[in-house]
Amino acid sequence: MKKRVAILISGGGSNMEALVQDMDKTHPAEPVLVLSNTPDAGGLSKAEARGIPNVCVDHRPFKGDRVAFEAELTKALELAAPDIICLAGFMRILTPEFIERWQGKMLNIHPSILPLFRGLHTHKRALEAGMAVHGCTVHEVTGELDGGPILGQAVIPVKENDTESDLAERLLVQEHRLYPAVLRKFAAGDRTPITLFP
Ligand code: GAR
């Protein structure tokens with residue numbers, strides 16, 4: 001039986017689309033839900049266009065009450081009964097309790113070569129640090145922010161005169177290769193890390 005995948009987004013959802021596109025007949029998993037924490041996430045209409053059940057649990061009415069927000073999130077997720085949750089540009093910090101509930105089942109993609117540049121503004125920080133390479137990481141989600149076992153990394157060269165948006169654009173292409181490759185293996189029970197070069 002195919003594994004059920006829920007994908008959590010906050011924005012354009014290009015990684016979500018890459019994951020969904022890869023989940024063809026031969027894939028060990030299928031998308032069962034796309035969930036956004038903001039109603040204006042472009043990814044919601046992309047999911048709708050692909051006929052994937054989608055829902056918004058807007059975080060704003062909860063006014064910073066993470067526990068109450070996550071209770072709604074959990075309700076929506078439990079209805080979809082996912083075996084795997086993919087965070088794909090989901091920009092909310094999750095509580096240890098929520099992470100514990102889905103421990104071992106939740107993946108995240110982060111736009112840096114972890115453990116370098118946890119948190120935000122990774123492209124800017126890679127440029128400021130004078131890195132010759134930059135990259136992205138898919139990892140299991142644990143209580144440690146942008147920590148957790150690494151399941152795959154892809155790298156790109158940093159070129160002279162690269163701007164933040166140059167890096168973001170080139171890295172996104174690699175994110176779209178890496179995340180589906182990792183999910184395919186993970187859904188089949190294989191957690192050995194993948195490395196991708198451009
Ligand atoms: C991606 O670059 C992803 O790595 C990043 O947000 C972008 C989402 O783009 N995630 C994070 O920064 C998580 N800390 P998308 O909505 O087009 O997939």
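Positions are given from 1, in the same order as the sequence printed here. Counting starts at 1 for both ligands and their atoms, in listed order.
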Does the plane of the ring in F69 sit parallel, tilted or perpendicular to the ring in F90? Use 30° and 60° as the thresholds. parallel
What do you reckon, are the aromatic ring centroids of H110 and H139 less than 6.0 Å apart? no
Can you pull out the closest protein heavy atom to atom 9 (O) of ligand 1? Residue, atom name and distance to 0.1 Å, please. N15 ND2, 4.1 Å
Ligand-side contact atoms (ligand 1) for residue partner H110, heavy atom cut-off under 4.0 Å: 14 (N)
Does an N or O anywhere in S14 fall below 3.5 Å from an N or O of ligand 1? yes
Cut-off 3.5 Å, side chains only: do T195 and Q153 have a donor facing an acceptor? no
Listed partners of R50 passing side-chain hydrogen bond (donor to acceptor under 3.5 Å, both in side chains), at least two apart: E17
Min over G43, P111, S10 of heavy-atom distance to atom 5 (C) of ligand 1 lands on P111
If we number the atoms of ligand 1 from 1 as shown, the ones under 4.0 Å from a heavy atom of M91 are 11 (C), 12 (O), 13 (C)
Under 3.5 Å: N/O of D146 near N/O of ligand 1: no
Counting heavy atoms under 4.0 Å, the part of L172 that contacts ligand 1 is side chain
Side-chain donor-acceptor contacts of residues 99-107 below 3.5 Å, not counting sequence neighbours, with atom names and distances?
residue : atom : partner : partner atom : Å
R101    : NE   : E78     : OE2          : 3.0
R101    : NH2  : E78     : OE2          : 3.0

Could you tell me the residue and atom name of the protein heavy atom closest to atom 16 (O) of ligand 1, and the distance to it rounded to 0.1 Å? G13 N, 2.8 Å
Can you find a pair of side-chain heavy atoms, one from L172 and one from N15, that are under 4.5 Å apart? yes
Within the 4.5 Å heavy-atom criterion, are P180 and Q21 side-chain neighbours or not? no
Closer than 4.0 Å to some heavy atom of G89 - which atoms of ligand 1 meet that? 6 (O), 8 (C), 10 (N)
Starting from atom 4 (O) of ligand 1, locate the nearest protein heavy atom and write down its residue, its atom name and how far away it is, to 0.1 Å. E175 OE1, 2.7 Å
